[in-house]
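In what follows, a structure is listed as structure tokens, so that the remarks can point back to it.
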Protein chains: 2
Amino acid sequence: MRADAQRNRDRIVEVAREVFREQGYDASLDLVAKQAGVGAGTLYRHFPTRDTLVDAIMQSWVDRVQEAAEKSRAHEGEDRERLLDWFERYVALISLHKGGPAKITSAMGVEGSPIATKCQVLKNASAEVLGVLEERGALRPDVDTVQVCRLVGGVATIADQSDVDPAAVHSMLEVIADGLLVR
Amino acid sequence: MRADAQRNRDRIVEVAREVFREQGYDASLDLVAKQAGVGAGTLYRHFPTRDTLVDAIMQSWVDRVQEAAEKSRAHEGEDRERLLDWFERYVALISLHKGGPAKITSAMGVEGSPIATKCQVLKNASAEVLGVLEERGALRPDVDTVQVCRLVGGVATIADQSDVDPAAVHSMLEVIADGLLVR
DNA sequence: TTGCTATCCGGAGAGTGTCTCCGTATCGTC
DNA sequence: GACGATACGGAGACACTCTCCGGATAGCAA
């Protein structure tokens with residue numbers, strides 16, 4: 001890639017991250033192009049669809065996911081608290097941008113999605129945390145990772161779309177945790 | 001209201017119901033107007049926003065909700081099956097139109113929403129079903145109706161946005177049910 | 001440094017959707 | 001039949017997406 005092309009690409013991603021954080025994933029792409037000081041054509045050449053741009057933005061986010069899973073695995077305390085800790089982190093991670101929960105959770109388990117790699121990162125992280133609980137025999141036998149991601153993602157989606165009280169979110173996550181753990 | 005106005009209004013609702021069923025709630029309103037044989041102005045005069053039109057469409061749907069709740073209350077069997085029966089009906093009811101689950105669940109508990117009346121109908125129906133279980137002491141003490149609607153609505157939203165297997169949906173509803181029932 | 005070409009840029013503009021405005025038509029009443 | 005009140009409709013302003021192509025430029029070779 002030519003140096004100027006790389007420069008423009010980086011600049012677009014940087015601006016888009018800011019604009020999307022402020023206005024959500026539905027923000028005008030022409031606005032992103034304008035703020036980045038490039039023409040619309042340049043933006044669309046680098047990122048043919050909105051999703052490919054979103055994917056590029058999320059690159060740095062992957063590291064955070066790994067880190068969060070690591071912390072949850074190392075979490076001291078009861079199984080229930082450990083699981084809830086991960087759920088909270090999971091919701092926070094996918095809720096960084098408005099519209100994120102819906103976008104990510106919808107793509108979960110759908111192959112060929114432009115953000116499939118990001119979903120995979122989340123699934124793997126979740127599987128790690130769930131794996132620890134499973135080893136300890138704390139989890140019900142038929143628990144599927146994707147399903148858990150969808151359940152928690154569903155809560156995050158609703159919370160994202162209407163402003164739900166954090167305490168209410170926690171309480172919903174508790175219901176899911178209790179439904180997953182052996183009694 | 002003048003007779004011709006009433007005629008046009010009815011016609012718009014009728015056409016919109018069909019178009020929305022086929023194309024989802026994002027369908028072009030100008031298309032609806034055209035298919036209804038009226039100008040865009042006429043449509044927007046009767047329904048200033050998309051939501052007010054959606055609200056009008058859902059009028060007949062209210063009856064179905066009442067009926068479904070009645071059936072679930074009369075459901076023979078264990079508490080868990082009774083609850084799951086309602087969850088399944090609930091998901092089906094809000095998933096009649098593409099985009100419905102997100103729209104309805106987002107508005108749940110948000111006052112002033114254009115579809116608040118529809119949410120209330122759903123909440124009341126859910127409260128009735130949950131009330132029966134509560135009387136029997138089958139429910140955990142701190143269960144909130146809106147929260148349950150959000151949890152189940154979250155599952156429906158995800159299922160609606162990516163094509164999730166009905167069996168997987170059922171399984172997620174089981175997790176929620178188990179999280180809500182006393183153990 | 002100069003010249004050449006593959007590569008990239010920018011923005012005009014077509015296509016589509018939302019929503020408003022206002023001249024015109026129709027209804028319902030007297 | 002006449003006359004307000006009410007409703008209609010579609011042109012058009014505005015916003016967003018995405019494409020196309022003439023022009024600019026980077027990077028390389030001599």
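In the text below, chain A, chain B and the rest are named by the order of the sequence lines, each starting its count at 1.
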Report task. Might you confirm whether atom CG of D142(B) has over 12 heavy atoms from other residues, nucleotides or ligands at distances under 6.0 Å? Result -> yes
Query - Partners passing side chain to side chain contact (heavy atoms under 4.5 Å, CB included) against A56(B) (at least two apart in sequence or in another chain) - result: R9(B), V13(B), F47(B)
Side-chain donor-acceptor contacts of residues 154-161 of chain A below 3.5 Å, not counting sequence neighbours, with atom names and distances?
from	atom 1	to	atom 2	distance (Å)
T157(A)	OG1	G153(A)	O	2.7
D160(A)	OD2	G99(A)	N	2.8
Q161(A)	OE1	S106(B)	OG	2.6

Report summary line: CE of M172(B) to CG of D144(A), rounded to nearest 0.5 Å, is 9.5 Å
Query - DNA chain D contacts made by residues 4-22 of chain B, counting heavy atoms under 4.0 Å - result: D4(B), A5(B), N8(B)
Query - Salt bridge present between R80(B) and E174(B) (N-O < 4.0 angstrom) - result: yes
**Report entry** Approximate separation, where rounding is to 0.5 Å, of D51(B) CG and S113(B) OG
**Finding:** 6.5 Å
May I have the list of side-chain donor-acceptor pairs in residues 16-29 of chain B shorter than 3.5 Å, sequence neighbours left out?
from	atom 1	to	atom 2	distance (Å)
R17(B)	NH2	I57(B)	O	3.1
S28(B)	OG	D30(B)	N	3.3
S28(B)	OG	L31(B)	N	3.1

Requested in this report: May I ask you to decide whether R64(A) forms a salt bridge with E67(A), counting only side-chain N to carboxylate O separations under 4.0 Å?
Outcome: no
**Report entry** Residues in contact with DNA chain D, drawn from residues 36-44 of chain B - heavy-atom cutoff 4.0 Å
**Finding:** G37(B), V38(B), G39(B), A40(B), G41(B), T42(B)
Query raised in the report: With sequence neighbours excluded, what pairs up with E81(A) under the salt bridge (charged side-chain N to carboxylate O under 4.0 Å, His left out) test?
Result: none
Query raised in the report: Is the backbone N or O of L122(B) less than 3.5 Å from a side-chain atom of S126(B), with the two atoms forming a donor-acceptor pair by type?
Result: yes
Requested in this report: Taking side-chain hydrogen bond (donor to acceptor under 3.5 Å, both in side chains) as the test, write out the residues that go with E78(A), two or more places apart.
Outcome: none
Query raised in the report: Should D85(B) and K71(B) count as an ion pair when the cut-off is N to O under 4.0 Å?
Result: no
Report summary line: Outermost contacting nts on DNA chain C, any atom under 4.0 Å from chain A heavy atoms, listed 5' then 3', are dA6(C) to dG11(C)
Report task. Could you list where the contact with chain B starts and ends along DNA chain D, reading 5' to 3', using a 4.0 Å heavy-atom cut-off? Result -> dA5(D) to dG10(D)
Query raised in the report: With a non-hydrogen cut-off below 4.0 angstrom, is A3(B) in contact with a base, only sugar-phosphate, or nothing?
Result: sugar-phosphate
Requested in this report: Report the residues that fulfil side chain to side chain contact (heavy atoms under 4.5 Å, CB included) with T117(A), sequence neighbours left out, ordered by chain and then residue number.
Outcome: D55(A)
Query raised in the report: In residues 45-54 of chain B, which residues come under 4.0 Å of DNA chain C by heavy atom?
Result: R50(B)
Requested in this report: Please identify each residue that fulfils side chain to side chain contact (heavy atoms under 4.5 Å, CB included) with V143(B), with sequence neighbours left out.
Outcome: L139(B), R140(B), V148(B), L180(B)
Requested in this report: State whether a side-chain donor-acceptor pair under 3.5 Å links N124(A) with Q120(A).
Outcome: yes
